[in-house]
Amino acid sequence: MYPTTLTQLARANPFSAPLFTLQKVEEPHQSFHGQRTRTLAAAAAAEEDVSCEFGSSKYYALCGFGGILSCGITHTAVVPLDLVKCRLQVNPDKYKSIGNGFAVTVREDGVRGLAKGWAPTFIGYSMQGLCKFGFYEVFKILYSDMLGEENTYLWRTSLYLAASASAEFFADIALAPMEAVKVRIQTQPGYANTLRQCVPKMFAEEGLWAFYKGVVPLWMRQIPYTMMKFACFERTVEMLYKYVVPKPRSECTKSEQLVVTFVAGYIAGVFCAIVSHPADSVVSVLNKEKGSTAVQVLKRLGPKGVWKGLVARIIMIGTLTALQWFIYDSVKVYFRLPRPPPPEMPESLKKKLGLVD
């Protein structure tokens, strides 16, 4: 029945509110126990040779695996840039710029010093990727089923925002311990050089809380970041196929589709970096210091201090996000998972709006 509670909440989103309203209509009965209607994927590739059903347990598991590869590999690959970015944030007097940060690090620790924190980065972001991408698919389908086909199309941006925020909530709980270890290794010279040295030392000094005290700032940083990452990506892909790509998606080869994925991912990554950078600065300082709170760190950094290292973060996150979506979509292609095309207006909605006879 229209409207639903989720639809009412979605009206608060200024980015996707339609310029028209629908009348109350009866929708086909949907059961959460039997075969559910995958409203978001009504145009899913039914003709394609796929290895599993859209929304099945196998589908979710392979999406989670794609998330592990996309986040674990990419974040580990940019550890040197991430290390310099963190040091710019927590010690701007010593590390003046990106170039200076690399030069000082190499001079003091050698080239191997640029790889500090790679192990907790790989483990932490692999777990985050599992939850981020896996749960996003779960929540996207769940919320789509709750909204119905027509409302899913009308409020699709709100759907992407809600599904990604829900997924990231759990992803950050999985990430927090290794993120705390990584930042401690990277920003406190002499504290510990490896994961095996750092974990027992942190636990002995501060207990279990040492690994989770940064989870709230992580939510502050990662939830807006992920909402932008997924919603911007989904809508950018839609616009690229509509206005830029000279032929329909169905006529594009898999390679051409992956190029579109990469471009859309980079565009989304730039916006992600800007939205999440202030909270990222707070997380970096908080995990370096003992006894500080997020509010105390935020006040000390001030409006200008929270934007330190933004250029490095834009370069890192733009490249990172593009590669993540590319790897994730490549995993879907390799395992022949269903890959629905960009959403199209349902025929029933077109009739209501008088767009078809």
Side-chain angles (χ1 to χ4, degrees), residues 6 32 36-41 44-45 50-77 120-147 152 156-179 215 218-219 221-234 237 258 261 264-265 268-269 272 276 317 320-340 343:
L6 282 177
F32 286 90
R36 294 186 293 176
T37 303
R38 306 299 181 190
T39 52
L40 192 69
V50 295
S51 62
C52 61
E53 179 192 354
F54 184 75
S56 64
S57 297
K58 181 179 178 180
Y59 175 81
Y60 292 137
L62 289 174
C63 285
F65 177 69
I68 289 174
L69 293 182
S70 65
C71 291
I73 292 172
T74 53
H75 277 276
T76 305
T121 296
F122 179 74
I123 297 171
Y125 281 94
S126 292
M127 294 302 97
Q128 187 213 33
L130 170 67
C131 298
K132 184 199 297 269
F133 284 92
F135 281 138
Y136 175 69
E137 299 288 350
V138 172
F139 284 116
K140 187 167 69 169
I141 291 174
L142 175 64
Y143 295 160
S144 176
D145 286 341
M146 294 171 68
L147 283 170
T152 289
R156 58 194 182 281
T157 301
S158 297
L159 173 66
Y160 303 143
L161 292 170
S164 57
S166 302
E168 189 60 36
F169 177 85
F170 296 101
D172 289 341
I173 296 174
L175 169 64
M178 291 296 102
E179 177 73 1
V215 72
L218 265 180
W219 283 329
R221 180 188 81 183
Q222 290 295 133
I223 290 179
Y225 163 85
T226 301
M227 292 171 71
M228 180 66 73
K229 173 179 180 174
F230 282 84
C232 185
F233 171 80
E234 298 270 20
V237 166
L258 289 174
T261 296
C272 289
S276 62
I317 296 300
L320 209 66
T321 305
L323 289 173
Q324 283 178 1
W325 279 113
F326 183 84
I327 293 170
Y328 181 65
D329 216 21
S330 297
V331 169
K332 283 188 170 183
V333 169
Y334 180 80
F335 287 106
R336 295 183 293 109
L337 298 184
R339 299 168 61 244

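Because the structure is predicted, anything quoted here is derived from the model rather than measured.
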Phe65, CZ: over 12 other non-hydrogen atoms inside 6.0 angstrom: no
Min side-chain heavy-atom separation Ile317-Tyr225 under 4.5 Å: yes
Donor-acceptor under 3.5 Å (Ser164 side chain, Leu161 main chain): yes
Student check: side-chain heavy atoms of Met127 and Leu175 closer than 4.5 Å: no
Met146 CE to Thr152 OG1 distance, which is reported to the nearest 0.5 Å: 10.5 Å
Residue pair Glu53 / Pro338: nearest heavy atoms and the distance that separates them: C-CG, 4.2 Å
Heavy-atom pair of closest approach, residues Thr261 and Phe233: O-CE1, 3.5 Å
Residue pair Leu218 / Asp172: nearest heavy atoms and the distance that separates them: O-OD2, 3.4 Å
OH-SG distance between Tyr59 and Cys52, expressed to the nearest 0.5 angstrom: 8.0 Å
Residue among Phe230, Tyr143, Tyr160 satisfying ring-ring contact (aromatic ring centres under 6.0 Å, His included) with Tyr136: Phe230
Approximate separation, where rounding is to 0.5 Å, of Leu258 CG and Asp329 CG: 5.5 Å
Rounded distance [0.5 Å steps], CD1 in Ile68 versus CG in Leu62: 10.5 Å
Which atom of Cys131 lies closest to which atom of Ala167, heavy atoms considered: O-CB, 4.1 Å
Met178 vs Thr121, side chain to side chain contact (heavy atoms under 4.5 Å, CB included): CA-CA, chis, key distance, verdict: CA-CA 7 Å; Met178 291 296 102; Thr121 296; over 6 Å; no
CD on Glu168 to NZ on Lys229, rounded to 0.5 Å: 8.0 Å
Euclidean distance, Ile73 CD1 relative to Tyr125 OH, rounded to 0.5 Å: 16.0 Å
Residues in side chain to side chain contact (heavy atoms under 4.5 Å, CB included) contact with Tyr328, at least two apart in sequence or another chain: Cys63, Ser70, Phe133, Glu137, Trp325, Lys332
Main-chain N/O of Ala268 paired to Thr321 side chain as donor or acceptor, under 3.5 Å: no
Side chain to side chain, Glu179 and Gln222, heavy atoms closer than 4.5 Å: no
Non-hydrogen side-chain atoms of Phe170 and Phe139 separated by less than 4.5 Å: yes
Side-chain heavy atoms of Ile141 within contact of Tyr60, under 4.5 Å: yes
Minimum heavy-atom distance between Leu159 and Lys140, given as atom pair plus value: CD1-O, 3.9 Å
Pairs involving residues 57-67, ordered by first then second residue, that meet salt bridge (charged side-chain N to carboxylate O under 4.0 Å, His left out) (sequence neighbours left out): none
